[in-house]
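What follows is a single structure, written as C-alpha cells, with notes after it.
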Amino acid sequence: MNKRDFKKQEKKWQAVWEKQGWYKAVDSDKTKKKKYVLVEFPYPSGEGLHVGHAFSMTGADVYARFCRMSGFNVLFPMGWDAFGLPTENYAIKTGIQPQLATKNNTDNFRRQMKKLAFSFDWEREVNTTDPDYYAWTQWIFIQLFKKGLAYKEEKPINWCPSCKIGLANEEVINGKCERCGAETGKKNLSQWIVKITDYADRLASGLEKTVFIQKVKAAQINWIGRSTGARIKFKVQSAKLKIKELEVFTTRPDTLWGATFLVVAPEHPLVAELLSSKLKAQSSKLKEIREYIKTSQGKSELERAELEKEKNGVFSGVYALNPVNNEKIPVWISDFALISYGTGAIMAVPAHDSRDHAFAKKYELPIIPVVKPSRKWDFSQKPYEDVDHGKMINSGPINGLKPQEAIKKTIKLLVEKKAGKRAVDYHLRDWIFSRQHYWGEPIPMIDCSKCGWVPVDEADLPIRLPEVEKYEPTDTGESPLANIKDWVETTCPECGGKARRETDTMPNWAGSDWYYLAYCFANKLKKSQITNHKEQTNLKYQISNKKNLDTCNLKLGTSQDIFSQSKNILSYWLPVDVYLGGDEHNTLHLLYSRFIYQFLGDLGVIPKSIPEPYYWRLSHGVILGTDNRRMSKSHGNTVEPDRLWRKYGVDVLRTYMMFMGPFEGTIAWNDNALKGVVRFLDRFYSFVLENKVKNTSKVGFDSLEVKVAISRLVKKVTTDLSTCRFNTSIAALMKFLNQAEKKKWQMNNEQMGKLIKLLAPFAPYLSEELWEVIGGRGSVHASAWPKIEEKHLKEENITIAIQVNGRLRGTIAVKSEKLKVKSEVEKQARKEPKVAKYLKGKKIVKTIFVPGRLINFVVK
RNA sequence: GCCGUGGUGCUGGAACAGGUAGACAGGUAGGUCUCAAAAACCUAUGGUGCGAAAGCCCCGUGUGGGUUCGAUUCCCACCCACGGCACCA
C-alpha cells in the first residue's frame with residue numbers, strides 16, 4: 001500500500017497553480033461556448049469559512065471544473081458582500097474601523113478558498129464596500145429615483161428602545177432585540193422606499209423564462225402573491241363626514257350580497273377623521289374608539305400573535321350602503337384589517353369566511369348565506385368556505401349562477417353602476433430601503449429646503465462613507481453620519497443653496513443586487529476609481545461640490561455609465577447559466593436582484609434581449625449537525641472545515657461533502673463517514689501507482705470487459721455531473737475501483753488518464769499528482785473531458801430479468817445484438833430452469849417484452 | 001391555516017422515462033496480518049420461515065385504497081417530519 005502524503009502534495013500543487021496563475025475567463029471568446037457559473041458570494045465574517053460555504057462552493061467548483069474540462073469558456077468568479085451588521089457591531093465594540101476588519105476577513109477567506117482549490121477567476125474579485133463598486137450601487141439608486149421608483153415616506157420600523165436603533169425584521173427574534181434582548185417596539189421614521197410593486201407582474205411572469213427548480217419558483221410566486229378580484233365602493237351614510245365612500249378589495253365580488261358589515265383598519269383615514277371631527281352625537285362612541293385604538297397600538301406583534309383567532313373591534317357609528325342592493329351596513333374598526341394591504345378596508349361576509357364568521361358571532365352581526373352548498377349546512381355554526389362549489393342564493397340578479405360566472409356578472413354590474421371594477425392586488429410590499437446604520441452605502445440624496453429631495457450629481461459618485469469616531473447610531477435613531485456636521489451640510493446641486501445630505505445607508509441587498517454584472521466588467525471597475533489620489537487623501541471626506549468634478553473619472557471620459565460601456569461583454573456572459581445558493585435567499589435576494597436587472601433593462605443600459613439574469617437556479621440543502629439540527633453557532637454543533645482539511649486533506653473533505661448526500665437535499669453531517677472517502681482516495685492512489693507494475697495475472701487493458709466498464713463509467717459520471725448529481729458520480733467511481741481491484745484490471749495510460757480526469761473535479765490535488773505520475777501533459781484540470789464511447793457499450797452482455805406474473809423468477813445474459821429480438825430472448829428465457837418451473841402446466845396468456853430490461857410471462 | 005419538500009435496512013443514501021428495491025458508503029459480526037493493538041485487507045449483513053448445505057418460499061419503500069402483466073415511482077384519501085409564509089380580504 002502506497003501511503004499518499006496529502007500535505008506535501010497540496011503544498012506542491014498550490015505553489016504550481018499560484019505560479020501559473022489561476023483560472024481565467026476570457027471575455028467574448030468566440031472559439032468556445034460560454035458558461036457562467038455563479039455561487040452566492042459570502043459575507044466575510046471574522047470566523048472564516050464555515051462548512052456551509054465550503055459545501056456550496058465545492059459543488060459550484062466541481063461543476064465549473066467539469067464545464068471547463070468539457071470545453072466551455074467558464075466564468076466562475078468570487079467576491080465579498082462585505083457591508084453588514086457583524087462588522088459594524090465589532091467596530092462599535094472594539095473601535096476598529098470596519099474597513100480594516102473587512103480587509104482582514106476577506107484576506108482570510110481568500111486564503112481558505114485557495115486552499116480548498118476553488119477555481120475562481122481571482123482577477124474578477126469584487127467587494128461591495130469598495131468605493132469604486134458602491135459608486136455604481138449609488139448610481140442605480142439615483143436612476144430609481146429619477147424614474148420615480150424611489151420615494152420617501154414615514155413608515156413604522158422595528159425599534160429597540162435600549163439600543164436606540166432601528167432593526168430589520170431579521171434582527172427581531174420573538175419580539176426581542178437580537179443584540180440586547182430588550183422588548184422591541186415600533187417607531188415612525190421617514191424612510192426611502194423603492195417601488196418594487198410596479199414590477200410585480202413582470203417578476204412573476206419572468207420566471208417562465210427560467211428553469212429554476214420548482215420550489216424556488218413557488219417561493220417567488222408566493223412572495224409576490226398576486227390575487228385578482230375587484231375594488232368596490234360603498235357610499236358612506238353621513239352628511240357630516242368628508243369621506244364619502246369606502247373602497248374595499250375583495251377576491252370574491254360574487255359574495256357581495258352576503259356582506260353584512262365593513263371593517264376598516266385602525267390606521268384608515270376614516271378613523272382619523274372620526275377622531276378629529278366634533279360630532280357631538282357620537283361623543284360616547286368616540287371615547288370607545290379612542291380606547292380601542294390605544295390598546296391596538298399598544299399591542300406588540302407578539303401579543304397579536306398570542307391572541308390567535310379571537311378578533312376584537314369597535315363599531316364606528318358610521319353606516320355604508322351596499323352598492324348592489326342599497327342595504328345599510330355598519331362599519332367596524334378592527335386591527336385584523338391591515339392598512340398595508342388592499343385598501344385598508346374590507347367587506348365582511350360572515351357566511352363564507354371563518355374570521356368574519358367569528359367576528360359576526362361575537363358582536364351579533366347578521367350572517368347571510370349567498371352560496372348554497374350541496375350538503376345541508378348550519379350557517380349559524382360554521383361558515384361555508386368552499387365557495388367555488390355551490391349555487392348563488394339571496395343574491396338578486398345573480399341567483400342560481402355558479403360562483404365563477406357570478407363573479408363576472410357582479411363585476412359587470414358594478415362597472416355599470418360605477419361602483420367598482422376588476423382589480424389586482426399583491427402581497428409584495430414596497431421595499432424599505434433605508435437603514436440607520438453606519439456600515440452601508442450612503443444613499444446619494446440631498447435634502448434642499450427649496451428643491452426638496454435632489455440626487456447627488458452623478459459625477460460626484462461615489463459618495464464615500466466618511467470616517468467617524470463612534471459607530472453607534474445617534475439618540476434619535478439616525479445613523480452616526482448625522483453627527484458629522486461638515487459632511488451633512490452641503491449645497492443643493494440644483495439651486496446651490498444650503499442643503500443636507502441623507503444620512504441613512506442602504507440595506508445589505510443593495511450591493512448584492514448587481515454583483516454578478518460587476519464580475520463581467522470587474523477590470524473596468526478598478527479603472528473607474530477616482531484617479532487623483534493625492535488630492536483625495538487630503539480630503540477628509542469627499543464632499544459633493546463642483547470643485548471635485550475633475551478628480552472623478554467615473555465616466556471614463558464618456559457620457560456612458562459602466563453598464564452601457566460593457567454591453568458587449570454583458571451580452572456575451574449573460575444570463576448566468578447556473579446560480580447556486582441557499583434557500584434563505586430564494587425570496588428576497590433573488591427577487592430584488594431580478595427586479596434591479598429588469599429595471600436596468602428598461603433603462604436600456606444592459607442588453608434587453610436577455611430578459612432574466614439567472615437561467616438555472618439550484619438551491620443546495622441545509623447541513624445538519626450530528627444532533628440532527630441545523631448547523632449553527634447557537635446550536636454549538638458546527639464543524640470547522642479547517643480542522644478537517646488539516647487532518648484528512650482538502651481532497652477528502654471536498655469528496656466527502658459531495659458524497660454524503662444529494663446536493664439539493666438536507667445533509668446530515670457524520671465525521672465517521674469521512675473514513676470511507678479516505679479509504680477510497682488512498683486506494684485510488686495505490687491503484688494508479690501499482691498499475692505500472694507488470695503483472696501477468698492481470699486482465700489486460702485490451703479486454704472488452706475493461707473497455708466496457710470504462711465507457712460505462714464515463715457515461716455515468718458525465719451525465720450525473722451535468723445535472724449536479726455529485727453523490728452518485730462518486731459512487732460510480734468507487735464501484736469501478738472495487739471491480740478493477742477485485743478483477744485485477746490492467747489499464748493503459750489512456751484508460752488511466754480517463755479515470756483520473758473523472759476524479760479531477762472532486763479531488764484536484766490528488767488527480768493532478770496522479771496525472772503527473774502517468775506522464776500526462778500539462779495540468780489535468782486543463783485537459784479534455786473523456787468522450788462517451790457508445791461503441792463499447794453496445795458490445796457487452798446484458799442481464800435480462802425474467803418475470804412470471806410480474807414476479808422476478810430468474811435472469812439470463814443476452815448478447816446485446818440479440819437484445820431487440822423478442823423471439824430470441826423468449827426462447828432463451830423459457831429454457832431457464834427456475835422459470836420453467838413456474839411455467840409448467842400453465843397457459844401463457846401474454847408475454848411482455850421490454851428490450852434491454854425484462855421479459856414477463858403472464859400465465860393462468 | 002396556506003405553500004413547498006420529503007418519509008426506503010442499524011445509519012447516510014441509490015434506483016435516470018412504471019420494469020431485477022437497498023447501488024455506493026458508514027456501522028456491526030467473523031476472519032487474515034500482528035506479541036498485541038491500530039491501520040489495512042477478506043467474508044457476511046432488510047425481515048421471517050424451511051433446509052446439514054447449495055438453495056428455496058413468503059413479507060417488505062409512512063398508512064389505507066386504486067390503476068397496471070408489473071408501482072418506491074402514477075391516481076385518491078390520510079398520518080408524520082422538515083423548510084418558508086402567515087390576521088393577505
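Letters A, B, ... mirror the listed sequences (proteins, then strands); counts begin at 1.
- Pairing partner, G27(B): U45(B), with both Watson-Crick or wobble hydrogen-bond distances short of 3.5 Å.
- What separates CE of Met657(A) from C1' of G13(B) is a distance of 18 Å, to the nearest Å.
- Here Ala337(A) lies in heavy-atom contact (under 4.0 Å) with a base.
- Protein atom NZ of Lys675(A) is 18 Å distant from nucleotide atom C1' of C24(B), rounded to whole Å.
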Polar pairs (N or O, both sides) under 3.5 Å between protein and nucleotides 64-73 of chain B?
unit_1 : atom_1 : unit_2    : atom_2 : d
C69(B) : O2     : Asn856(A) : ND2    : 2.1

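- A distance of about 34 Å separates the P atoms of C24(B) and A81(B), rounded to the whole Å.
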Exercise for the section: Show the numbers, then the answer: is there a side chain to side chain contact (heavy atoms under 4.5 Å, CB included) between Glu789(A) and Val714(A)? Expected result: CA-CA 8 Å; Glu789(A) 287 177 44; Val714(A) 170; over 6 Å; no
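- The aromatic ring centres of Phe359(A) and Phe336(A) sit less than 6.0 Å apart.
- Look at Asp356(A) and Lys311(A) and you find no salt bridge, because none of the NZ, NE, NH1 or NH2 atoms lies under 4.0 Å from a carboxylate O.
- In this structure, G60(B) forms no base pair with any nucleotide, since neither Watson-Crick nor G-U wobble geometry is met with both distances under 3.5 Å.
- Note on Thr719(A): nothing from the nucleic acid sits closer than 4.0 angstrom, heavy atoms only.
- Contacts of Arg809(A) with the nucleic acid, taken as non-hydrogen atoms under 4.0 Å apart, involve only primed sugar atoms and P, OP1 or OP2.
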Exercise for the section: Decide side-chain hydrogen bond (donor to acceptor under 3.5 Å, both in side chains) for Ser340(A) and Arg429(A); before the verdict, give the C-alpha distance in whole Å, the side-chain angles of both, and the deciding distance to 0.1 Å. Expected result: CA-CA 8 Å; Ser340(A) 51; Arg429(A) 306 291 155 82; 3.1 Å; yes
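- Geometrically, Arg617(A) does not engage Phe212(A) in a cation-pi contact defined by less than 6.0 Å to the ring centre and at most 45° from the axis.
- Side-chain N or O atoms of Asp430(A) include none that pairs as donor or acceptor with a backbone N or O of Ile193(A) at under 3.5 Å.
- In the set C56(B), G13(B), C87(B), the nucleotide with an atom closest to the side chain of Asp335(A) is C87(B).
- Atom CG of Asp425(A) is separated from atom P of A89(B) by 9 Å (rounded to the nearest Å).
- Summarising the geometry, the separation between CG on Leu713(A) and C1' on A23(B) is reported as 14 Å, rounded to the nearest angstrom.
- Between C16(B), A23(B), A89(B), one nucleotide has an atom nearer to the side chain of Ala731(A) than all others, and that is A23(B).
- Annotation: C80(B) and A71(B) have their C1' atoms spaced 22 Å apart (nearest Å).
- In this structure, Leu733(A) atom CG and A23(B) atom P are separated by 18 Å, rounded to whole Å.
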Problem - Test log, rule ring-ring contact (aromatic ring centres under 6.0 Å, His included), inputs Trp745(A) and Phe736(A) - result: CA-CA 10 Å; Trp745(A) 286 343; Phe736(A) 179 89; 5.5 Å; yes
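- The environment of Lys382(A) atom NZ is sparse: at most 12 non-hydrogen atoms of other residues, nucleotides or ligands sit within 6.0 angstrom.
- Within 4.0 Å (heavy atoms only), Lys716(A) reaches no atom of the nucleic acid at all.
- Under a cut-off of 6.0 angstrom, the local environment of NZ in Lys361(A) is crowded, with over 12 non-hydrogen atoms contributed by other residues, nucleotides or ligands.
- Comparing C24(B), G13(B), U5(B) by their closest approach to the side chain of Met734(A) singles out C24(B).
- Taking only side-chain atoms of Lys735(A), from C-beta outward, the nucleotide of C24(B), A89(B), C56(B) with the closest atom is C24(B).
- Comparing A21(B) with G26(B), their P atoms sit 25 Å apart, to the nearest whole Å.
- Across every strand in view, U32(B) sits in a pair with A40(B) that passes the Watson-Crick or G-U test at under 3.5 angstrom.
- Side-chain nitrogen and oxygen atoms of Tyr341(A) include none within less than 4.0 Å of the OP1 or OP2 phosphate oxygen of A86(B).
- Nucleic acid contact for Asn738(A): sugar-phosphate only, since backbone atoms but no base atoms lie under 4.0 Å from a heavy atom of the residue.
- A distance-only check finds no donor-acceptor pair linking the side chain of His589(A) to the backbone of Glu584(A) [under 3.5 Å].
- Here the P atom of nucleotide U5(B) and the NZ atom of Lys215(A) are 9 Å apart, to the nearest Å.
- For G51(B), there is no paired nucleotide, since no Watson-Crick or G-U wobble pair has both relevant distances below 3.5 Å.
- Note on Asn222(A): only backbone sugar-phosphate atoms sit closer than 4.0 angstrom, heavy atoms only; bases stay farther off.
- The Arg679(A) side chain lies nearest to G27(B) when the options are G27(B), A89(B), A14(B).
- With a 3.5 Å ceiling on both atom-pair distances, the Watson-Crick or G-U wobble partner of A81(B) is U5(B).
- When the nearest nucleotides of RNA chain B are assigned to Ala732(A) and Ala668(A) by heavy-atom distance, the more 5′-ward of the two goes with Ala668(A).
- Between the C1' atoms of G46(B) and G13(B), the separation comes to 15 Å (whole Å).
- Spacing between G84(B) and C69(B) at atom C1', rounded to whole Å, works out to 43 Å.
- Among A89(B), G13(B), G4(B), the nucleotide with an atom closest to any side-chain atom of Ala218(A) is G4(B).
- Here A23(B) presents its P atom at 15 Å from CG of Asn727(A), a figure rounded to the nearest Å.
- With G12(B), A89(B), C85(B) as the choices, the nucleotide that has an atom nearest any side-chain atom of Thr251(A) turns out to be A89(B).
- Within the 4.0 angstrom heavy-atom criterion, no nucleotide atom of any strand lies near Phe680(A).
- One can place CG of Asn586(A) at 20 Å from P of C82(B), the figure rounded to the nearest angstrom.
- Between G66(B) and G60(B), the distance separating the two P atoms is 14 Å to the nearest Å.
- As judged by a 4.0 angstrom heavy-atom cut-off over every strand, Phe726(A) is placed among residues making no nucleic acid contact.
- On the P atoms, A14(B) is 15 Å away from A25(B), given to the nearest whole Å.
- The six-membered or imidazole ring of Tyr838(A) lies away from that of Phe857(A), with a centre-to-centre distance of 6.0 Å or more.
- As the counterpart of C74(B), G66(B) is assigned, both hydrogen-bonding distances of the Watson-Crick or G-U wobble pattern falling under 3.5 Å.
- With both ends at atom C1', the span from A23(B) to U32(B) equals 27 Å, rounded to whole Å.
- For the pair Leu674(A) and Val678(A), both in contact range of RNA chain B, the more 5′-proximal nearest nucleotide belongs to Leu674(A).
- G9(B): glycosidic angle within 90° of 0, hence syn.
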